[in-house]
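Below: one structure, written as structure tokens.
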There are 2 protein chains.
Amino acid sequence: MEGALWYLKRCDLFERLTPEQADRLNRRALVRQYKRNALIYSPTEPGQTVMVLAEGRIKIKDITPDGKETILAFIEEGELFGELALLDEGARQEYAEAAVDSRVLVLPREDLLWLMESRPELALSITKLIGLRRRRIENRLRNVLFLSSRERLVRILLELQESHGERYCNRCEIRLPLSHQDLASLIGVTRETVTVVLGELQRDGLIRVQRRRVTVTDCRRLAELGNGILPVRAPPPRHPTARPPRRL
Amino acid sequence: MEGALWYLKRCDLFERLTPEQADRLNRRALVRQYKRNALIYSPTEPGQTVMVLAEGRIKIKDITPDGKETILAFIEEGELFGELALLDEGARQEYAEAAVDSRVLVLPREDLLWLMESRPELALSITKLIGLRRRRIENRLRNVLFLSSRERLVRILLELQESHGERYCNRCEIRLPLSHQDLASLIGVTRETVTVVLGELQRDGLIRVQRRRVTVTDCRRLAELGNGILPVRAPPPRHPTARPPRRL
DNA sequence: TGGCTTCTGTAAGCTGGCTCACAGACCCCG
DNA sequence: CGGGGTCTGTGAGCCAGCTTACAGAAGCCA
């Protein structure tokens, strides 16, 4: 019962609450645990709560009736999610699932709305959060509309590196379990296409691909590719006379 | 100079301002006029103002370096736009242009931020606005990823009818000048594809197409198409023995 | 009122990415 | 430690929508 507060305080949004505010949230918040792949909420469920990720990683996604999946976002520790429940109690329109074992703080929307009323600067922060995510989605839309699968893949890797990467000099580990299918769902292509393009990028020495794990091995060059500084090369001839260079 | 206030009051967001609030806005707001196709702001410009459309129609769009265009939204009279300037003074990332001759109320972001601080319920309304538009974009993304050009066109027509339509029973005029290119930019296909599909829909008696003008002539059936109640038919055989039925 | 520009209509041919179909690698759990 | 899921790799064939290329219609303005 006091765990909630402890987690809350670690989230930038909820620094410096007054004692009453902290107390109310502490009384009303819940901490929940989810195993990898467990469902946290689903699209038809009315949004009555907003969540903060205390520990783990969350995948926000959507699935069509015929089983095709889009991933809208991955949530990092300390981030808010399910925040559109603040707009109204309508259906969530998306799934949230634990990408790894996770611990989640659940806040009733009324309490957060109440808090926003009493703390305008917090309300503004949340507005900004929603707006920034909107910009991100708008960008995704642009990418889907205008870029080839290769370019989209490069950009999503850059984006993931930015928000979920651990940087060492010119290399960067993406701290998310990422299957080819996940990447495909992020950029709107098939798994097979991702497999091929990842293979090419690896051959070019830009990234290292392991099972459900991607490491950017040349951040600089990848960024240049993504920004159109380097032309995004067409795939190399598929059957060169010599063996393609191996890279471990 | 007192025009500003008059326009403001007609916008739901700004009802019931206190005299001081009204006064401050009135002093700081500007009214600007734009001719059809005039540019209101552009992507690289830092966002220092938020706007309310007093009269006319605004097109929010984006263009790639090689000239391909997406339309993100059309703005109706009384609606807010350029609202992401509230997040930060970063680049706007989009164009706003007058779709017809328009009159726009320009509010410095600081004043609106100040107003949001002093009126939590207005801050919340703006948050909702941003959030609702985010949902709309998320939907667009889903559509682009998962639907055929035909289905996307049907859905965008339904959406436009909802937000910009004038309804008479089972028919509905879309009160926007809409070229085939515009529709193409809304759903992410080429103009030629739109021309063909519009032709089919017209032949099926669902819509009526005139120059830069679309009328839904059978709202009910169109809605059923869009919701997957009716199967979204493949195009009819292109060269039937008999002439295709003419409809005026 | 005539010329220019924008918008619409049509069609032939091409192609990036999808579908389908396996095969082998890896991993977790019993 | 073995067997069934899950993930990755590859390739042949297909197809929706793009590209390219015109042509006529409709509005605009000089």
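Lettering follows sequence order; numbering is per chain, from 1. These figures come from a predicted structure and were not determined experimentally.
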Compile the donor-acceptor pairs under 3.5 Å between side chains in residues 35-42 of chain B and protein atoms, sequence neighbours left out, one pair per line.
residue: B/Y41; atom: OH; partner: B/E94; partner atom: OE2; Å: 2.8

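- Comparing D/dT8, C/dC20, C/dT10 against the side chain of B/T195 picks out C/dT10 as the nearest.
- For the pair A/N37 CG and C/dC28 P, the interatomic distance rounds to 12 Å; values are reported in whole Å.
- Two residues are said to be in side-chain contact when any heavy atoms from C-beta on lie closer than 4.5 Å; A/V214 and A/L176 fail this criterion.
- Contact check on B/K59 versus B/D182 returns a salt bridge, with a Lys/Arg side-chain nitrogen under 4.0 Å from an Asp/Glu carboxylate oxygen.
- Proximity of residues 57-73 of chain A to DNA chain D (heavy atom under 4.0 angstrom from any strand atom) is not detected for any residue.
- Put simply, CD on B/E200 is 12 Å from P on D/dA16, counting in whole angstrom units.
- No hydrogens or angles were tested; on distance alone, nothing pairs the side chain of A/Q210 with the base of C/dC26 as donor and acceptor under 3.5 Å.
- The separation between A/F146 atom CZ and D/dG17 atom C1' is 15 Å, rounded to whole Å.
- Both A/E192 and A/L147 lie near DNA chain C, and the one whose nearest nucleotide falls closer to the 5' end is A/L147.
- In this model, the phosphate group of C/dG16 is not approached by any side-chain N or O of A/S149 to a distance below 4.0 Å at OP1 or OP2.
- Between A/I58 and A/E79, the closest side-chain pair of non-hydrogen atoms is not below 4.5 Å.
- Checked for salt-bridge contact, A/E159 and A/R155 miss the test: no charged N lies under 4.0 Å from a carboxylate O.
- Put simply, A/T190 has a side-chain N or O that comes within less than 4.0 Å of OP1 or OP2 on C/dC18.
- Residue B/G188 is the one, among B/R36 and B/G188, whose nearest nucleotide of DNA chain D lies closer to the 5' end (criterion: closest heavy atom).
- You'll find the side chain of A/N143 stays beyond 4.5 Å of the side chain of A/I156, heavy atoms only.
- A donor-acceptor contact under 3.5 Å is formed by the side chain of B/R211 with the base of C/dT6.
- Counting heavy atoms from C-beta on, the side chains of A/V194 and A/Q181 never come closer than 4.5 Å.
- A salt bridge links A/R134 to A/E138: at least one charged side-chain nitrogen sits closer than 4.0 Å to a carboxylate oxygen.
- A heavy atom lying under 4.0 Å from DNA chain C marks the following residues of residues 172-181 of chain B, by number: B/S179, B/H180.
- For D/dG9, its base sits under 3.5 Å from the side chain of A/R191 at one donor and acceptor pair at least.
- Spacing between atom CG of A/N143 and atom C1' of C/dG17 amounts to 17 Å, rounded to whole angstrom units.
- Distance, A/D101 CG to C/dC28 P: 12 Å, rounded to whole Å.
- Phosphate contact (OP1/OP2 of D/dA16, side-chain N/O of B/S148, threshold under 4.0 Å): absent.
- A salt bridge links B/E77 with B/R57; the closest basic N to acidic carboxylate O contact falls under 4.0 Å.
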